[in-house]
Amino acid sequence: MKILVLNCGSSSLKYQLIDMDDESVLAKGLVERIGIAGSCIKHTKTGMDAVKRDVDFPTHTEAIKYVLDMLVDKKYGVLKSLNELAAAGHRIVHGGEDFTSSALVTPKVIKGIEKVIPLAPLHNPANLQGIKAVQAVLPKLPNVVVFDTAFHQTMPPKAFLYGIDYKYYEKDRVRRYGFHGTSHRYVSQRAAEILKKDPKKLKIVTCHLGNGSSITAVDGGKSVETSMGYSTAEGVIMGTRCGDLDSAVVVYLAEKLKDPKAVSDEVQKKAGLLGISGVSSDLRDVEIAAEKGNKRAQLAQEKLIYGVKKYIGSYAAGMGGIDVLVFTAGIGENGIGFRKAVCEGLDFMGIKVDAKKNDCRGKEVVISTPSSRVKVMVIPTNEELVIARDTKACVEAAAKPAKKTAVKKTAAKPAAKAAVKKASATKKATAKKAAAKPVKKVVTKKAAAKPAKKAAVKKTTAAKAVAAKPAKKAVAKKPATKKTAAPKKK
Ligand code: AMP
């Protein structure tokens, strides 16, 4: 089964073609400047040098058409015919509260993604353009959506609520959502696999540290807390994002700048490593400047290290322990000195790093000492592979029609009684049972209730099946090798 994985930004499109028989990447590429003068494509067939072409791409539809042409190109292609494609898997940034797992695209799913555009005004429309472009070019190809937010939907209200008037949650869904969910899911499952441990028995802190960074507490295989919140600006400082900030500072900036867009730019684009160091948003540049004695660069570096340390401590406290600490993404996978600095002084909580083992980049390595109670690991993330696995699972589950519909209760969310709506084609909630036997039964459970409202029931059978499948599969699968989908840096 060959799956095309797509990550569409407002003017870009990243793709990978993955053969699910061995999870190898057959081809990958990047289209840039869609709709802008100077658009181009860089395409790489595995085993060959990349080919770069300047082509006019007015919209994502032309870009997708060109990508598909490249995939069947005599010289650079990897498919004899587009009929070999089984499905397209799309990365979607925001699924709000409606999407707790991946889903096969239907008109209702599209509506659901459109509904949460206000929560991700830049990303979700671009992601939707990718789906619509595929539908326009290959109308029969199934599309599957995989959400950055979905993994964190297991956070309890005490973790996802902000301490503001509850009405803002009830009416406007202002709450913490969390992002990088596919990455946190992948590395936490991979950690359990590598350690040959049952994920249900592990308390893991996963540190996805890149240009954007988030840290997640994964207890028993579920995200129970994560550092990004309503937007991707919360948490530790990032390349250009401010991280945790007293709300009074935002009010101060609003009064001073008198322009919401200018305030947003201050906290999203001019802050973080760049804002503090005044040098760069890239940690490598900051580290070089710090070494040369630049005080602000030293401060930026220290603030990020200190921030990560504090999150690890607080998540260990929140979970009542920590068994595994994972580093991933650009900084986490490559920052040897950075990892050392974060773990320094954490012996008191059972974290001891072996300097020699830590001297590695971009590889799966346990970097803790044998006597370290907490296993410290470097695991390159691989969001494309998760998207491809979910896509395969959704397509396979959808191919086996559901037979029965049943109703099952589930834990209610705060201050409300859950009600079960009619299970519709796309809003059939599923219980654990359904996840285990997705083909036979569609189980409707009492939805995690929305406050003061009757809650709609959400998950699709296929979607819930996915939640179970990759985890199961992952246990059976060998560690990712060079052949598998290339780690993505975000
Ligand atoms: P990502 O967004 O995952 O691509 O990560 C980008 C971040 O990773 C940038 O801040 C880079 O400076 C950082 N990074 C990449 N390589 C290294 C390295 N060798 N040491 C420290 N940071 C690195």
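Positions are given from 1, in the same order as the sequence printed here. In listed order, ligands and their atoms are each counted from 1.
- For ligand 1, the polar-atom distance check finds no N/O of Leu273 at less than 3.5 Å from any of the ligand's N/O atoms.
- Note on ring orientation: taking the six-membered ring where Trp is involved, the planes of Tyr177 and His94 are perpendicular (angle over 60°, cut-offs 30° and 60°).
- In the vicinity of Asn211, heavy-atom distances shorter than 4.0 Å reach the ligand 1 atoms 1 (P), 2 (O), 5 (O), 6 (C), 7 (C).
- At least one heavy atom of Arg361 sits closer than 4.0 Å to an atom of ligand 1.
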Quiz item: Does the ring pair (Phe, Tyr, Trp, His ring centres under 6.0 Å) test come out yes or no for His152 and His180, once each step is laid out?
Solution: CA-CA 9 Å; His152 302 301; His180 294 141; 8.6 Å; no

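- Heavy-atom contacts of Ala329 reach the following atoms of ligand 1: 3 (O) (cutoff under 4.0 Å).
- Taking only nitrogen or oxygen atoms, main chain and side chain alike, Ile331 reaches within less than 3.5 Å of ligand 1.
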Practice problem: Check the pair Val78 / Thr46 against side-chain contact (heavy atoms from CB on, under 4.5 Å), numbers first and verdict last. | Solution: CA-CA 9 Å; Val78 287; Thr46 301; over 6 Å; no

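- Residues that satisfy the salt bridge (Lys or Arg N to Asp or Glu O under 4.0 Å) test with Glu344, not counting sequence neighbours, are Lys340.
- Of the polar atoms of Leu283, at least one N or O is found under 3.5 Å from an N or O of ligand 1, judged by distance alone.
- Of the N and O atoms on the side chains of His43 and Tyr66, not one donor lies less than 3.5 Å from an acceptor on the other residue.
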